[in-house]
Amino acid sequence: MAHVRLKLAAWWEANARDLPWRFGRATPWGVLVSEVMSQQTQMSRVVPYWTQWMERWPDAGALAAAPKADVITAWGRLGYPRRALRLQECARVVSSECGDELPRAYDALVALPGVGDYTASAVMSFAYGERVAVIDTNIRRVLSRLFRGEESRGGAASPLERALANEVLPSDGGDSDDISDDGPDDAVMKVPSGVSHDVSRGVPQGVSRHVPRATPPSVMWNQSVMELGALVCTAKNPLCEQCPVSDDCAFLAAGRPGLGERRTRPRQRFQGTDRQVRGIVLKALRELPAESVGSRDPGSLPRERVESLWRDHVQLDACIAGLDDDGLIEILPDGALRLPRG
Ligand code: SF4
């Protein structure tokens, strides 16, 4: 196992993407925001949204006080916009009940609105440096191939997959509290080659300059396995010839049996779906003239313009009702729509 960890750690240091919330450059709150935004959205697409979001709302308190219409508008084309409202609900709880500090305990994190097992584990590991097995689709796929020689199954992580993730998670040896609270002057960050060590460069307001003295082995493991799954050991076309652990891989040794057969979820058609219609309605509301999307008084879209958005009015009205139920829009008595107040 030790040599697999070493190979992966070396690969991480040479290949990890320079995402702005990595390498100790974001507060725990910033890490949480990145994880929520990255669910169901590619990380490379998230970067500009995250950067603007953190400049505008650098902490939970700032997001908690933001008008809902602004939050939904800033979510832009990240998709699944209910996540934006859940994130704001989370910010309100953190701001009002946790002194504006994200809790540093798994149980407290997972109790927050919109925070599930994966997000809580990711914050504990990536933001706080605690030894926690992070289990997402990429990690499940890599571990299953590497150690069990088979594709991971779809659906929720099985007890077997959880057991494997915990079994192979390295020990951090002694005190795992490796996150420095001493400030930037004496902090030493272990970052991949090619990534700037100047953590003060371009750091938005509210982004931490406190960085780990050295990345704990468990954190290195979580992030390198996850990154390998995103960049090399992909679902359909794993690049085994470029893989740092190909010599150790049970799946490759077995001839890659059933490659891609048990993907977590088949790709969903988008065209014509309710998701597309909901996106069209929200886009029209987000794009109302800036002066009418005043922070406390969002403008409205008249009914006739609403009807012009989608030909099938039965589907359109069902989607509008769904958006209303989700708290993402408001329906006015004359049928006009607007982003929510408050
Ligand atoms: S050798 Fe291929 S299947 Fe095995 S971990 Fe590497 S990329 Fe994945």
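In this chain, residues are counted from 1 in sequence order. Atoms within each ligand, like the ligands themselves, are counted from 1 in listed order. Please read all numbers here as calculations on a predicted model, not as lab measurements.
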Do NZ/NE/NH1/NH2 and the carboxylate oxygens of Arg82 and Asp326 come within less than 4.0 Å? yes
Arg77 atom CZ: more than 12 heavy-atom contacts under 6.0 Å
no
Between Trp75 and Trp53, how do the two ring planes meet: parallel, tilted or perpendicular, split at 30° and 60°?
-> perpendicular
Residue pairs meeting salt bridge (Lys or Arg N to Asp or Glu O under 4.0 Å), one or both in residues 36-50, sequence neighbours left out, come to none
Given a cut-off of 2.8 Å, the protein N, O or S atoms lying below it from atom 4 (Fe) of ligand 1 are Cys249 SG
Are Leu228 and Ile135 linked, directly or through other ILVMFWY residues, by side chains that come within less than 4.5 angstrom of each other?
no
| Taking atom types as modelled and ignoring hydrogens, do the side chains of Thr119 and Gln39 form a donor-acceptor contact shorter than 3.5 angstrom? | yes
